[in-house]
Amino acid sequence: MKAPFSPITPITRIILITLMATLASCEYKDLCYDHNHGSQYNLMLELNLDLDLDVDLEVSEEAHTKIEIPTYMVVAFYNPESGALVKTEYVGPYGGQLHVDPGTYDMVVYSFDTEWTQIRGESNINTLEAFTSDISALKRPQLSYFDREGLDEAPGPIIYTPDHLLTAHMQVEIPPYSTDGQVMTISATAATAVETYGFEVRNVTGIQYIASVEAFVTNQARSSFFGLGEVSQEPATVYFPLDVSIDEGVLKSTFNTFGKLPGESFSYLHILLMDTEGTPFTITEDITDQFDDPGHLIVVEDTVFIPPPQTGGGIAPTVDEWEEENHDVNIG
């Protein structure tokens, strides 16, 4: 008896075509056991963290002057000719195991979990950049208090002071895969890519009448191309608040910067004081030469005089008595 005709359905045809393509793709492929195909680690990165600062911490010992140990580090491998990103890995603060194909690379290591410092341009080592956000809309009107006539400066955008970014950069050559699973070890030291400066205004009369004080440092580098070891040619103004120490009679703080703008540029410090009545007082200092101080200390020696407000008073806050008020509240 002749079997009934059974047409090939569309679904059956798709299955057959897929099966034939799979068999064809495997027909001439031999299994290879000669070397590692990427399933095992072949590189151990050992990181040393340089947490020392050049700034004299006897001047200012606030917590933000310290370099914190990061949670983890980014390890980026770049083509040394084109600069293009080849691979990105992540390790702990002191390194870890990696798998990287054999070849020569520019390896850049950097911390990832900073609060203010951001990273962009990761796709190429030439565009890999650390920067902080602008606060121009909030703070730029305050620069109108300062008379900058005759000053050789370019304020540029006003930016937050950057966090410490731990970085390391070196060229590495990864050898061919080892048949016995041997792991290559690389050691590197990661140090901060920003500079920290201590700061003091030492001779302040009437310090008790100061309600707030802020500082602006001009002609600083806008960002850091840390993969190249260079800073931006774009100028920026770094903003930071100052601490008022009534007991010591000084204004002090620390601030971070990507560095002074390259070239024969001048850096000016603008300080804006507000007394308890809201009257502004300004100080402008040329601090260009102080950036060369080995102790990274910037000092304003000129006497600053804040007169008593017309209504009296000082920096000490006051709290009014509680006044009892009763109100009916409808529920439901």
Side-chain angles (χ1 to χ4, degrees), residues 22 25-26 28-52 67-132 162-194 221 223-232 258-259:
T22 302
S25 65
C26 294
Y28 298 103
K29 290 186 179 292
D30 296 326
L31 294 178
C32 175
Y33 300 98
D34 292 338
H35 61 269
N36 188 311
H37 283 273
S39 61
Q40 301 295 326
Y41 298 115
N42 64 331
L43 179 65
M44 169 61 74
L45 175 62
E46 296 180 345
L47 283 176
N48 174 51
L49 303 183
D50 183 357
L51 305 180
D52 294 331
I67 304 177
E68 302 293 340
I69 297 176
T71 304
Y72 58 97
M73 306 285 283
V74 179
V75 188
F77 294 89
Y78 292 92
N79 184 306
E81 295 182 359
S82 67
L85 178 66
V86 177
K87 186 171 188 178
T88 300
E89 295 272 8
Y90 299 89
V91 296
Y94 298 104
Q97 292 180 312
L98 306 169
H99 172 263
V100 185
D101 289 337
T104 301
Y105 304 94
D106 279 332
M107 182 184 74
V108 181
V109 184
Y110 56 95
S111 51
F112 189 76
D113 54 350
T114 54
E115 182 177 2
W116 295 108
T117 302
Q118 304 168 61
I119 305 296
R120 62 188 172 197
E122 300 96 325
S123 62
N124 195 292
I125 195 172
N126 298 300
T127 58
L128 181 63
E129 182 182 16
F131 70 102
T132 60
D163 295 320
H164 289 289
L165 180 73
L166 293 172
T167 69
H169 177 203
M170 60 188 299
Q171 190 169 92
V172 297
E173 185 173 349
I174 310 301
Y177 293 112
S178 171
T179 57
D180 59 1
Q182 185 176 358
V183 175
M184 176 183 178
T185 299
I186 296 176
S187 297
T189 297
T192 182
V194 304
S223 61
S224 171
F225 294 96
F226 59 93
L228 303 176
E230 301 174 357
V231 296
S232 170
F258 292 118

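Just so you know, residue 1 is the first one in the sequence shown, and it goes up from there.
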Please round to the nearest 0.5 Å and tell me the distance separating atom [atom1] of [X] and atom [atom2] of [Y].
X	Y	atom1	atom2	value
M107	I186	CE	CD1	5.0 Å
E115	E68	CD	CD	11.0 Å
N48	E46	CG	CD	10.0 Å
I119	Y110	CD1	OH	6.0 Å
L165	S224	CG	OG	7.5 Å

Worked verdict on L128 versus V108 for side chain to side chain contact (heavy atoms under 4.5 Å, CB included)
CA-CA 10 Å; L128 181 63; V108 181; 3.8 Å; yes
Where do [X] and [Y] come nearest, in terms of heavy atoms and distance?
X	Y	answer
A76	L85	CB-CD1, 3.9 Å
F258	A130	CZ-O, 3.6 Å
H169	I125	NE2-CD1, 3.8 Å
L49	P70	CD1-CD, 4.0 Å
V231	A221	CB-CB, 3.7 Å
F226	A193	CB-CB, 4.4 Å

Is [X] reaching over with its side chain to a backbone N or O of [Y], donor-acceptor style, under 3.5 angstrom?
X	Y	answer
D106	Q171	no
T117	D163	yes
T114	W116	no
H164	I67	no
S111	L166	yes
N42	V100	yes
S223	F131	no

Side chain to side chain, [X] and [Y], heavy atoms closer than 4.5 Å:
X	Y	value
T88	V74	yes
F77	L43	yes
L228	N126	yes
T167	V109	no

Take R120 and Q118, measure what side chain to side chain contact (heavy atoms under 4.5 Å, CB included) needs, and give me the verdict at the end.
CA-CA 7 Å; R120 62 188 172 197; Q118 304 168 61; over 6 Å; no
Using residues 91-98 as the side-chain source, report each donor-acceptor pair under 3.5 Å to any protein atom, sequence neighbours left out, with the distance given to one decimal.
none

I would like to know whether Y72 and F112 meet ring pair (Phe, Tyr, Trp, His ring centres under 6.0 Å); could you show each step before the answer?
CA-CA 7 Å; Y72 58 97; F112 189 76; 5.4 Å; yes
In sequence, state the C-alpha distance, the side-chain angles, and the governing distance for I69 and L51, and then conclude on side chain to side chain contact (heavy atoms under 4.5 Å, CB included).
CA-CA 8 Å; I69 297 176; L51 305 180; 3.9 Å; yes
Got a salt bridge between K87 and E89, using NZ or NE/NH1/NH2 to carboxylate O under 4.0 Å?
yes
Do the ring planes of Y177 and H99 sit parallel (below 30°), tilted (30 to 60°) or perpendicular (above 60°)?
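Ring orientation, 0 to 90° scale: parallel.
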